Amino acid sequence: MGRSSHVLGFGAVIAVFVWAPEEEGHYYPGRVSRWWLKQSLAHLDSSLKSLGTSLVTKRSTDSISSLLEVVKATGATQLFFNHLYDPISLVRDHRAKEILTAQGVSVRSFNADLLYEPWEVNDDEGRPFTTFSAFWEKCLSMPYDPEAPLLPPKRIISGDVSRCRSDNLVFDDESEKGSNALLARAWSPGWSNADKALTTFVNGPLLEYSQNRRKADSATTSFLSPHLHFGEVSVRKVFHFVRIKQVLWANEGNKAGDESVNLFLKSIGLREYSRYMSFNHPHSHERPLLAHLRYFPWVVDEGYFKAWRQGRTGYPLVHAGMRELWATGWLHDRIRVVVSSFFVKVLQLPWRWGMKYFWDTLLDADLESDALGWQYISGTLPDGREFDRIDNPQFVGYKCDPHGEYVRRWLPELARLPTEWIHHPWNAPESVLEAAGIELGSNYPLPIVEIDSAKVRLEQALSQMWQNEAAARAAIENGMEEGHGDSADSPIAFPQAMQMEMEHEPVRNNPVIVTVPRYEDQMVPSMTSSLFRADDEENSVDIRNSVLESRAEVPTDVNVAENTRRDTLDQAVMQTARTNATPHFNFAVGRRNSEDSTAESSSSIRERDGGVVPIWSPSSTNYSDQYVGDDNGIGTSSSYLQRHPQSHQLMNWQRLSQTG
DNA sequence: TAGCTCTTCGG
DNA sequence: CGAAGAGCT
């Protein structure tokens with residue numbers, strides 16, 4: 001230990017990535033997501049090499065055993081990892097901590113994914129918030145700021161990995177390579193590219209964010225979501241940079257800039273809130289948060305589902321969005337709302353199906369964010385959209401794509417249709433259609449469901465839902481047990497078609513069989529360079545150089561915490577073992593730096609961060625622990641909720657707080 | 001100024 | 001589409 005303390009007051013480090021996607025259950029990452037992960041890890045490994053170490057990779061079906069294996073092979077005495085808040089990770093990480101601690105390894109975990117830990121943000125009575133705006137207001141007025149981002153290390157002392165074999169990780173197969181090649185033209189994964197994307201955004205489009213954020217052509221979004229998802233840039237760094245800009249603009253009296261920052265931060269806040277909700281309601285990715293939605297009679301129609309995926313809905317905006325998603329793995333936030341709202345309200349398909357499809361196809365697929373998004377759209381949150389509201393793609397189309405450019409880009413078959421009819425071709429006069437070469441029902445579909453009949457059907461479904469709910473209530477009052485095997489309780493299975501499209505195939509070099517979801521049902525127009533952002537035309541950044549360029553001074557006078565027995569600390573293992581979010585690579589060293597230098601101060605806030613792995617009982621499916629607001633206590637203005645006060649009841653699962 | 005219409009915008 | 005706010009009388 002002594003010999004390495006001159007660098008960072010810290011021992012040798014081994015960075016580990018364990019690829020154990022089977023642990024994610026249904027949520028095996030999709031093709032584009034795996035593509036990103038592969039590039040990101042290569043980038044990370046390259047950076048680590050330039051700092052003096054490299055990434056140890058393990059293919060596993062049991063990440064904890066794999067970690068133990070690495071610990072044993074390297075003689076590591078400490079393990080560091082960052083918190084994740086999805087239910088699978090929470091349970092697994094808690095177990096990892098228990099098992100490794102029992103093996104004599106000192107385990108510490110940290111917050112690197114959020115501005116504040118979910119348990120830090122509570123209302124005046126100490127209870128978690130149930131609406132976003134209250135939550136976010138609180139976050140912005142916390143008595144202490146989110147911790148400042150840390151600088152990358154200058155150098156890492158590598159642990160001895162000579163007896164620790166790395167597995168060759170395979171993230172794609174031959175059939176995927178062709179499609180993946182296109183992705184590289186549009187996106188540059190990796191932490192230094194994430195830094196660039198952040199800088200570019202903050203110095204450019206951020207100023208006009210409030211003006212442009214509604215446009216379907218996504219030129220003004222930050223494009224940070226995949227980088228954030230994979231842990232390539234920390235949300236604290238984003239927050240920090242953006243706030244600095246805001247202070248600057250506020251001082252200049254730049255009202256538009258100030259407003260833009262607030263709106264952009266709100267979207268950062270939604271990402272925070274998604275973790276917060278996932279932590280407080282661990283089943284939020286599979287069950288509606290408002291109890292009565294369990295009784296909604298979803299239309300379990302795989303034909304509709306397929307039509308939605310293939311863009312055969314007859315609504316140009318929905319169609320265009322689905323094509324963009326399939327072709328690029330990306331969709332502007334507004335269009336996500338359009339296609340998912342259509343899915344839930346017009347087709348009335350079970351939202352989990354749509355969420356799963358997003359998971360399989362989005363480059364920034366993120367369980368918590370997507371769950372929050374779909375629940376918001378589905379009206380299953382106290383502050384989400386009213387369930388009985390249907391977004392009409394026609395009206396929304398003229399708002400976010402007023403000239404029809406977005407639709408024409410993705411639907412060349414409609415290219416010659418005048419703007420006046422581009423979002424509702426079914427109303428266009430025959431002569432116009434003819435001139436545009438469109439024959440509805442033949443070379444362009446008629447609406448699969450008319451909006452008006454969707455409204456009627458939705459009303460009926462809602463009254464059915466309330467009847468079902470009342471019946472269930474009555475059954476309970478009559479002394480029947482609230483059975484958890486209740487059909488309304490168990491999520492609708494993923495469609496047969498989706499499962500049939502799954503292929504079981506061994507992937508070369510992987511010691512296990514993986515299940516790869518496939519959808520081969522979408523035709524897309526050939527891609528042109530105009531689809532890609534101009535600034536990404538030159539890809540393949542020289543990673544080594546960018547590491548050198550962005551390397552910064554780091555403090556060298558780091559204390560080692562009292563509770564770390566420095567004499568026995570020869571090596572530490574850093575686990576970066578998530579498909580879900582790969583922690584920023586400088587975490588193990590930098591984080592310690594920050595933690596340790598403050599560990600002796602009296603700040604209870606800091607102390608809270610050091611070793612807490614949040615858990616709750618995974619087996620608990622106890623619905624009785626619900627949040628019950630009084631009739632207007634929950635702060636919603638939704639008339640829908642006022643009509644249905646029981647909507648205030650959120651399902652909650654008992655949370656056991658535990659200090660490590 | 002209360003009250004009305006028009007506009008905007010949605011977690 | 002509807003609620004909230006701006007703007008007008």
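Chain identifiers are assigned alphabetically (A, B, ...) following the order of the sequence lines, protein sequences preceding nucleic acid strands; residue numbering begins at 1 within each chain. Predicted model, so just to flag it, every value in this text is computed and none were measured. Excluded from the calculations below are hydrogen atoms, water molecules and symmetry mates; all remaining heavy atoms, backbone and side chain alike, are included.
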Within less than 4.0 Å of OP1 or OP2 of B/dG10, is there a side-chain N or O belonging to A/R213? yes

Please tell me if A/K399 has a side-chain N or O lying less than 4.0 Å from either OP1 or OP2 of B/dC9. no

Taking atom [atom2] of [N] as reference, at what distance in whole Å does atom [atom1] of [X] sit?
| X | N | atom1 | atom2 | value |
| --- | --- | --- | --- | --- |
| A/Y276 | B/dG11 | OH | P | 18 Å |
| A/K345 | C/dG2 | NZ | P | 12 Å |
| A/N392 | C/dC1 | CG | P | 8 Å |
| A/R334 | B/dT8 | CZ | P | 15 Å |
| A/W136 | B/dG11 | CH2 | P | 14 Å |
| A/L372 | B/dG11 | CG | P | 12 Å |
| A/D333 | B/dG10 | CG | P | 10 Å |
| A/K215 | B/dC9 | NZ | P | 12 Å |

So what does A/G269 hit on the nucleic acid, given a heavy-atom distance under 4.0 Å: a base, only sugar-phosphate, or nothing? nothing

Pair A/W330-A/W187, ring-ring contact (aromatic ring centres under 6.0 Å, His included): steps then yes or no: CA-CA 10 Å; A/W330 176 261; A/W187 296 95; 5.2 Å; yes

Do A/H319 and A/Y444 have ring centres separated by under 6.0 Å? yes

What orientation do A/F264 and A/F201 show, parallel under 30°, tilted 30 to 60°, or perpendicular over 60°? tilted

Polar contact flag, side-chain donor to acceptor under 3.5 angstrom, A/S284-A/Q375: no

Ring-on-base stacking B/dG11 with A/F132 (under 5.5 Å, under 30°): no

